[in-house]
Amino acid sequence: MTRHPRARLDDVIHAPVRFSIVAALASAREADFRFVRDTVEVSDSALSKQVSTLEKAGYVKVRKSSVGRRPRTFLALTAEGRTAFERHVAALRDIAEGRAVPASGGE
Amino acid sequence: MDREQALRDLSAADEIAGRVRRRGTWYAGFCAGAAAASLAGVFAIGMSPDPWWTVPASALIAAFVALAVYGARQPVSPRGFAAWHTGSMAAWGVLYAAALGIGMAVFPGEISWWMPAAAATTLPFLAAGAAALRAARRPA
């Protein structure tokens, strides 16, 4: 029996805001917290909460720095997070292309 | 998760990735600035009589410090940044040392050495800038 590609979707990344955060970080070495907040269009607290979940999963690392007197927080995907995102996107592509859909036709 | 939702997610991811990559193109500007500073600085150092070469040498250091501050203020480090930056700075260091070491000992004040030598020191930055622009145009 063929498994539907949705079985390969990552539960941590699957949530919409976390998916957007990881998609943003996947295209950068690291990105400023405020830039990610504006790109994903969420509040500081919502981003902090989702980043904390991603950090606990081992997908995101947080680096605190400062330029002059201004404290800054940078976010980056870990190698594990990058691999998980690539797998998640591959599963989405398979679903979009209708690959390995069971005879019942899916959901 | 159905096909339409998967397509929406993929499209959203592409759109976000494009925005992040475009924000990372500042590094190409950084490299263009570093190349221009190196071209002018190395040429002026070589063509200036002792002790006046210290003026363009100080200006070159100031330009690099300004570029470093500009870089530190950017919100996105593009993917590949560490390799491009480390590689270009290391190659520039070698070329800069060779240009000044050989030029000051053998070709002081000779434009036929200092112009091509100054141009050669721009190559690592131009290569790194081109790599940054190429990476910004292709998907992650």
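Here is how names work: the chains are called A, B, and so on, in the same order as the sequence lines, proteins then strands, and each is numbered from 1.
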Report the distance from atom [atom1] of [X] to atom [atom2] of [Y], rounding to the nearest 0.5 Å.
X: A:R93; Y: B:L7; atom1: CZ; atom2: CG; result: 11.0 Å
X: A:S27; Y: B:R23; atom1: OG; atom2: CZ; result: 14.5 Å
X: A:L92; Y: B:L10; atom1: CG; atom2: CG; result: 5.0 Å
X: A:L9; Y: B:D9; atom1: CG; atom2: CG; result: 8.5 Å

Decide whether [X] and [Y] are clustered together by the hydrophobic rule: side chain heavy atoms of Ile, Leu, Val, Met, Phe, Trp, Tyr closer than 4.5 Å, transitively.
X: B:L67; Y: B:Y27; answer: yes
X: B:I102; Y: B:I45; answer: yes
X: B:M47; Y: B:M115; answer: yes
X: B:M89; Y: B:W84; answer: yes
X: A:L75; Y: A:V12; answer: yes

Please flag which part of [X] lies under 4.5 Å from any non-hydrogen atom of chain B: side chain, backbone, both or neither.
X: A:R72; answer: side chain
X: A:L25; answer: neither
X: A:F33; answer: neither

(request) Could you look at B:Q74 and say if it's the side chain, the backbone, both or neither that has a heavy atom under 4.5 Å from chain A? (result) backbone
(message) Given heavy-atom pairs under 4.5 angstrom as the criterion, report whether the side chain, backbone, both or neither of B:A82 touches chain A.
(response) both
(message) Let's test your reading of the structure: which of B:P75, B:A12, B:A6, B:A136 forms the most heavy-atom pairs below 4.5 Å with chain A?
(response) B:P75
(request) Between chain A and each of B:S77, B:A13, B:G24, count heavy-atom pairs under 4.5 Å; write down the option with the most. (result) B:S77
Answer yes or no: does atom [atom1] of [X] have more than 12 heavy-atom neighbours from other residues, nucleotides or ligands under 6.0 Å?
X: A:D44; atom1: CG; value: yes
X: B:W53; atom1: CH2; value: no
X: B:R73; atom1: CZ; value: no

(request) Identify which of A:V89, A:T39, A:V40, A:V36 forms the greatest number of heavy-atom pairs closer than 4.5 Å to chain B. (result) A:T39
(message) Heavy-atom pairs under 4.5 Å with chain B: which of A:A91, A:P16, A:A28 has the most?
(response) A:A28
(request) Decide yes or no on side chain to side chain contact (heavy atoms under 4.5 Å, CB included) for A:E30 and B:R79, but give the supporting numbers first. (result) CA-CA 8 Å; A:E30 65 177 9; B:R79 279 189 81 185; over 6 Å; no
(message) Testing the basics here: between A:F35 and B:V20, what is the closest heavy-atom pair and its distance to 0.1 Å?
(response) CE2-CG2, 3.9 Å
(request) Taking B:R3 for its side chain and A:A96 for its backbone only, find out whether a donor-acceptor pair lies under 3.5 Å. (result) yes
